[in-house]
Amino acid sequence: MKVKELLAAVIIVLFFLLCYFFSPKPVQFSPTVSVVVIILLSLAFVYVFIRTFQGKFIGRRTVFVFVGVSLLLPFFMQFSLPVLISPEVRSVYDALEELPPGSKVLASFDYDPASAPELQPMADAFMKYAFEHGLKVIIMGLWPQGPQQADQSVQAAFAENPGLRDSIKYGRDYVNLGFQAGNEFVILRMGESFKAMFPTDLYNTPYDSIPLLKNVSNFSNVDFGMNFSAGKPGTVEWVQIASDRYKLPMGAGNTAVQAPMAYPYMKKGESGRKQLIGLLGGMAGGAEFEKLTKKQAKATTYLLSQSFAHMVVIMFIIIGNVAFFREKKEKE
Amino acid sequence: MADRFTAVYICLLFALLLFFSPSTPVIAQDKPDADTVKLSSIPPDTILPEYYPLSPSNIRVSDVPNDAGGSLIIEWDLSPDDHEGGKVKEYIVLRSKAAKGPFEEVGNATQGATSFRDNRTQRGVKFFYKVTALNYEKTDGEFLWKASSESDVAGPAVSTAQWFNFDRLNIFIGIIILCGAIIYFIVAAQKGKSFYIRKIAGIEEVENAVGRATEMGRPIYYVPGISDMDDVQTLASVTILGRVAAIAAENDTRIDVPVSRSMVMVTAREVVKEAYSKAGRPDAFQEDQVRYLTDDQFGYAAAIDGLFVREKPATIFLIGAFFAESLIMAETGNSIGAIQISGTAMPAQLPFFIAACDFTLIGEELFAASAYLSHEPKLLGSLKGQDLGKAVFLIAILIGVILESFGIPVHELFAVK
Amino acid sequence: MKRELPLTIAFIAGIAFIIAYFIPHPPFNRFENWFSDWFAIIAAFAIWLGALNLMKISFIKIIRKKSDWLHAILIIISFVIILFFGFYEGYRGLHADPPFSFRDPGTSFDWIYVNVYTPLSATMFALLAFFVASASYRAFRARNLEATLLLLAAFFVMLGRVPVGDIITGWLPMEYQMSQWASWIMNVLNTAGQRAIMIGIALGLVSTSLRIILGLERAYMGGD
């Protein structure tokens with residue numbers, strides 16, 4: 001490692017520690033200041049645009065700085081953007097609304113902490129909704145950290161609605177079966193027997209001792225499946241096996257990168273049945289679901305950052321094309 | 001100047017981050033107890049008759065078709081009291097081996113349900129069923145009172161196993177057509193027939209890419225994705241690795257293969273070792289050329305990025321199953337000026353590879369690459385057979401679309417069950 | 001025999017899965033479960049191969065002071081620390097009353113997971129935002145018709161997937177707003193493209209699998 005790089009790293013860490021121990025309380029911009037900041041950012045773009053037009057092209061680092069700033073600044077701003085509900089998210093919500101209290105929902109948490117910023121808000125909203133509407137949730141995970149992420153959702157639901165902590169009982173209203181290795185083979189085996197794959201729950205309680213699982217042997221005894229997925233194994237595997245083979249009605253929440261893969265499964269097939277009833281795609285999907293379940297939380301907040309970042313990327317696409325045509329003109 | 005400016009910006013970013021860096025206290029949690037629902041015994045004669053729902057009728061029990069036995073499906077007509085605000089809260093399904101009982105509860109179904117699948121029967125054993133409509137009042141999970149009405153007994157029914165799943169007959173026919181086409185062209189190729197296979201830019205460039213690394217005196221990096229050997233993409237990637245390693249060995253260029261799975265490491269090591277042996281350079285092979293990094297997705301991406309930035313390979317192959325880490329690796333490879341050939345059958349990652357890499361094998365091109373690089377007539381013949389199968393399916397889709405548009409329902413023929 | 005045995009095993013395993021898909025009668029219905037159980041067992045044991053290999057290579061780097069030997073020290077220290085706390089908490093949990101798992105909240109292992117692993121993992125994923133921007137800046141240029149169409153699609157989907165798009169087109173009727181265009185591009189154009197690629201991939205999968213089952217494709221075993 002070069003001396004200069006090591007020195008830069010040490011300075012950054014020291015600055016970090018300094019701010020952490022001696023920083024004042026978090027800053028919130030007033031609406032006027034927010035507008036001024038947005039104008040300043042726009043002027044910076046105009047400056048970059050003019051320089052590009054003059055043939056002085058920017059590097060990757062400048063792009064990174066602009067993206068970083070655009071992601072951070074909305075956290076200090078006090079306004080939020082209106083959220084419009086897409087049909088895919090509406091479908092998930094309507095399907096959950098149609099489930100009578102007491103219905104069993106199998107929730108598979110197939111993501112890890114890396115994807116938690118995108119998927120945890122929608123998972124939290126789902127869990128709170130399920131508890132408040134009397135749905136019985138059977139939690140499991142095909143990713144090792146999935147059940148822990150699910151536990152965070154449960155705790156988040158209790159933190160937001162303290163009354164749930166008394167009325168919702170583990171074993172009766174929800175159960176965490178834990179993680180099982182085997183990817184799609186686990187789903188396949190669950191089609192015959194849940195117990196074969198999960199002889200005990202996460203806390204080593206035998207399957208047969210759990211009241212919620214008393215009459216649950218496989219997918220035919222579950223009313224709805226909800227999958228939160230960041231990759232493989234994930235929504236595609238659940239749809240191909242649980243929904244397609246065992247006819248489990250399924251909804252899903254995916255990261256924005258994975259969401260396009262799930263769109264083909266939301267088309268109506270034979271006899272009007274959709275393989276995937278609906279999809280919460282990325283942060284926007286999470287914010288829409290929060291709005292429908294009347295829980296304005298992280299996804300709604302993060303959506304402002306995402307909006308800023310999208311605008312920045314679009315500006316750079318335009319600037320990139322200006323650079324391209326400028327270069328082409330110079331070559332000619 | 002730009003660097004200093006950037007450094008100041010980064011410091012400011014970190015400072016701003018601190019205001020919103022959440023503390024993550026570790027909260028010790030009590031282990032939840034598995035509560036048991038206590039059933040209160042309420043004498044039935046204390047419940048007024050108007051609370052009793054009418055029972056469901058027309059109970060039918062049948063064997064679940066196309067299965068391994070052990071499952072029966074019980075269907076019924078709804079109780080007249082099953083409606084919004086009605087007396088029926090749920091249905092209880094009871095089972096016995098004798099018509100007169102004793103009956104045991106095997107499952108329940110929610111209000112509005114008209115069927116239940118009993119997956120815990122025994123093949124060849126007769127069972128009798130009753131369905132009970134249940135009305136109740138509960139508080140905190142405990143029954144205050146229950147009132148139920150039983151249907152007539154239905155049965156006997158026996159579950160049996162079938163020798164062929166006729167629900168999948170259409171898939172069977174499809175596989176016969178496709179595999180038949182592939183085998184036909186393989187046999188034709190063995191008899192000496194040659195086939196035209198269109199050029200795939202990424203595969204054509206493999207030799208040039210390896211040559212570039214040789215000229216620059218820098219290594220080649222081959223990343224086989226993050227799936228295990230049970231993924232066909234990884235198999236295809238390891239197959240291509242063998243071909244690429246052979247070219248690298250002939251050119252006396254080091255090829256490094258950092259992997260994410262232990263079994264892939266073992267397989268890839270054998271493949272590369274064999275490639276070096278076949279090229280007549282067994283001594284040049286070193287075991288640490290193929291090394292395991294980590295199973296963790298982003299830990300692997302971080303390690304790969306670090307290797308790219310420090311080792312500065314001239315050529316990078318990103319071939320296999322990738323997920324969100326694909327762009328992180330591809331962009332880093334692009335930033336160091338390496339020529340990148342990628343290939344994946346993950347549709348979500350293809351746009352990232354196309355944006356960041358010089359050449360991309362899209363979907364089935366990844367599976368064709370091995371046949372392509374081997375120049376073996378049998379393998380090239382299989383590509384031809386695959387194309388014929390694709391043509392048959394395309395025509396079937398077109399015909400199906402036209403017939404469906406005119407109201408002739410043919411979708412059932414193509415349904416996958 | 002060295003070549004014939006693996007080829008035979010590959011053939012039997014492949015045919016077994018195909019048969020199991022079409023014949024539900026026992027014992028064929030259990031093939032998938034048997035093989036999947038064995039795969040899970042082998043994969044679980046195989047992880048030690050990788051971990052030991054990583055340690056071996058790291059130690060050799062340190063001993064021979066090869067390039068990046070400092071990183072190798074970091075790898076070994078991290079590995080040992082997490083292994084130590086995993087076993088320590090596991091042992092403590094076994095002998096505690098009531099017993100707990102090494103992964104339970106409140107343990108040192110969980111602290112490392114929540115405060116070290118989770119932020120590191122999220123940081124790496126967050127890099128994507130920056131790389132998407134730099135890749136878009138470099139790649140989305142109107143070089144030809146296809147690139148222009150790609151550029152326009154990216155423009156509409158990026159704007160339509162956040163509320164900003166609907167704010168910009170708020171003056172239009174609901175069905176012509178940016179989010180509807182983005183939905184249309186995703187539901188129609190993207191779905192068509194995805195399906196086409198998925199059909200091609202499925203055919204390629206069948207062909208590759210058949211070549212492996214029939215023993216025509218042998219490069220994965222090392223050699224032709």
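Chain A is the first sequence line, chain B the second, and so forth, proteins listed ahead of strands; every chain is numbered from 1.
- Side-chain polar atoms of B:Q386 and C:S207 form a donor-acceptor pair below 3.5 angstrom.
- Residue with the most contacts toward chain C among B:L178, B:T267, B:I175: B:L178 (heavy-atom pairs, distance under 4.5 Å).
- Of all the listed residues (B:G363, B:G242, B:P347), the one sharing the greatest number of non-hydrogen pairs under 4.5 Å with chain C is B:P347.
- For B:D387, no part sits under 4.5 Å from any heavy atom of chain C, backbone or side chain.
- A donor atom on one side chain and an acceptor atom on the other are found under 3.5 Å apart for C:E217 and B:S370.
- Not less than 6.0 angstrom separates the ring centroid of C:F35 from the ring centroid of C:W38.
- Heavy-atom pairs under 4.5 Å with chain B were tallied for C:I197, C:L54, C:I42; the largest tally goes to C:L54.
- Among the candidates C:L49, C:N53, C:I18, C:T123, the residue making the largest number of heavy-atom pairs closer than 4.5 Å to chain B is C:N53.
- Considering only heavy-atom pairs separated by less than 4.5 Å from chain C, the leading option among B:I354, B:I362, B:D296 is B:D296.
- Using a 3.5 Å distance cut-off with no hydrogens or angles, the side chains of B:E331 and C:S134 do pair a donor with an acceptor.
- C:K66 NZ: more than 12 foreign heavy atoms inside a 6.0 Å radius.
- Each of C:L210, C:L216, C:I23, C:L203 has some count of heavy-atom pairs under 4.5 Å with chain B, and the biggest count is that of C:L203.
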